[in-house]
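Written below as structure tokens is the structure these notes are about.
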Amino acid sequence: MSPPLLQVNDLKKHFPINKGLFGQQTEWVYAVDGVSFEIARGETLSLVGESGCGKSTVGRAILRLFEITAGQVILDGQRIDDAHPSTMRQMRRRMQVVFQDPFSSLNPRMRVRDILAEPIRNFGLAKSAEDLEVRVTTLMDTVRLPREALNRRPHEFSGGQRQRIGIARALAAEPELIVCDEAVSALDVSVKAQIVNLLQDLQQKFGLALLFISHDLAIVEHMTHRVAVMYLGKIVEVAPRREIFAAPRHPYTKALLSAVPLPEPGAQRNPIILGGDVPSPIHPPNGCRFHTRCPFVFDRCRIDEPELRSTGNGQWVACHLETLPQV
């Protein structure tokens, strides 16, 4: 079995809270608190959960858009969480990102031609000006935009077209891994489907690995290979797509999936209503993070933090219910 392209071990990112006249640090926000997973070459892993669970922070920490608090990020066998800037520069070419808002992530002063040429120049991928031009025009063809649009600026495009430019910019560096941080959530339904189909085609063509961060489970079911479910800075369940949508094991995963609307008119779904609110990541509960809202909570949940354990068929669940013989 070949080693994974990306390996994340016990990743933690805690943000300090500074208060008072002199800005003294008084507390921490435990945004990500011990996350581990792997992504194989050519695989899509979807990271899902409600807003504020820490999924976007995981993506940005992997890319080293900020320094992590603890843990390891390993790309193709090489640690990058503590890599020297000169080493990190070369590793950045191998992993790129597509952001949620295509407008704010593109420089409004630059033409599309310059936006796409910038990473090619930065990483020295073009051998000549002619080669650079060929690469830029090929990228436009790849994301299905007209070549005549190269001389336009971002404000002259629709949201879906801007996101295609963002994808083309990510592809310009010839990466092996792309982090899609809510890449389709700001688009309407028809455009969303087009971008998802484009990502799947590009993955097949270039053998890309994707970390697809999303809260839209309908999109996730359509395009992913595996799903990791996050709650309050922790992963509570990881499973192949078929297993997690057909037979979820964690109570939070069941509640999350029960809230997905059915695409059939008149179809009824019985949503699982969870009690209470999501606890603050500043003061997360002891034991299982989900025990304050779990309908099956028992004493051990309030004391011991569950670890991910295999339940078979590639499914891993962090829940004390899995230790009970009658469940």
Side-chain angles (χ1 to χ4, degrees), residues 10-15 17 27-37 45-59 61 69 182 185 212-221 224 226-239 241 243-262 268-311 315-327:
D10 199 26
L11 178 67
K12 297 181 181 181
K13 179 57 185 178
H14 304 160
F15 295 97
I17 299 176
E27 294 178 303
W28 294 91
V29 176
Y30 298 92
V32 177
D33 201 25
V35 164
S36 301
F37 59 84
L45 173 70
S46 291
L47 197 57
V48 304
E50 56 197 309
S51 296
C53 69
K55 54 189 186 294
S56 290
T57 304
V58 170
T69 302
E182 300 276 11
S185 64
F212 192 79
I213 299 168
S214 180
H215 62 266
D216 190 334
L217 293 172
I219 292 292
V220 166
E221 185 177 12
T224 196
R226 289 188 302 131
V227 181
V229 181
M230 281 192 72
Y231 180 82
L232 204 61
K234 297 264 188 190
I235 288 180
V236 297
E237 185 166 1
V238 184
R241 175 185 59 188
E243 277 70 22
I244 208 159
F245 282 95
R249 303 288 299 228
H250 196 280
Y252 176 67
T253 309
K254 294 177 182 179
L256 203 63
L257 291 173
S258 76
V260 178
L262 293 172
Q268 296 293 322
R269 188 191 287 275
N270 297 318
I272 300 172
I273 308 300
L274 299 175
D277 296 320
V278 180
S280 169
I282 302 174
H283 303 291
N286 294 326
C288 175
R289 295 281 171 97
F290 186 60
H291 85 256
T292 58
R293 305 176 72 198
C294 182
F296 308 107
V297 63
F298 58 101
D299 289 342
R300 185 181 176 188
C301 302
R302 300 183 177 92
I303 302 169
D304 295 337
E305 183 178 320
E307 296 181 356
L308 283 170
R309 62 177 67 231
S310 174
T311 60
Q315 205 160 5
W316 293 75
V317 185
C319 182
H320 289 309
L321 287 172
E322 296 296 331
T323 66
L324 300 179
Q326 66 267 29
V327 174

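All figures in this text were calculated on a predicted structure; none of them were measured in a lab.
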For Thr224, side chain to side chain donor-acceptor pair (under 3.5 Å) partners two or more places apart: Ser46

Test side-chain contact (heavy atoms from CB on, under 4.5 Å) applied to Thr292 - qualifying residues, sequence neighbours left out: Pro279, Pro285

Residues forming a salt bridge (Lys or Arg N to Asp or Glu O under 4.0 Å) with Glu221, sequence neighbours excluded: none

Spatial distance of atom SG (Cys294) from atom OH (Tyr231) [nearest 0.5 Å]: 9.5 Å

Residues which pass side-chain contact (heavy atoms from CB on, under 4.5 Å) with Ser258, listed by chain and number, not counting sequence neighbours: Pro271, Ile272

Spacing of CD belonging to Glu307 relative to NE2 belonging to His320, to within rounding of 0.5 Å: 9.5 Å

Asp33 side, atom CG; Trp28 side, atom CH2 - distance, nearest 0.5 Å: 12.0 Å

Test side-chain contact (heavy atoms from CB on, under 4.5 Å) applied to Ser36 - qualifying residues, sequence neighbours left out: Asp10

Test item: Lys55 side-chain N/O and Met230 main-chain N/O as donor-acceptor pair under 3.5 Å: no

By side-chain contact (heavy atoms from CB on, under 4.5 Å) - contacts of Ala228 (at least two apart): Leu45, Leu47, Ile235, Val238

From Cys319 atom SG to Phe290 atom CZ, the distance as rounded to the nearest 0.5 Å: 9.0 Å

Any donor-acceptor N/O pair, Glu50 side chain to Val278 backbone, under 3.5 Å: no

Minimum-distance pair of heavy atoms, taken over all atoms of Pro295 and Leu274: CD-CD2, 4.4 Å

His283 side chain vs Ser280 backbone, donor-acceptor pair below 3.5 Å: no

Heavy-atom pair of closest approach, residues Thr69 and Lys13: OG1-CA, 3.4 Å

N/O donor-acceptor pair under 3.5 Å between Arg249 side chain and Val317 backbone: no

Spacing of CD belonging to Glu237 relative to CD belonging to Gln315, to within rounding of 0.5 Å: 5.0 Å

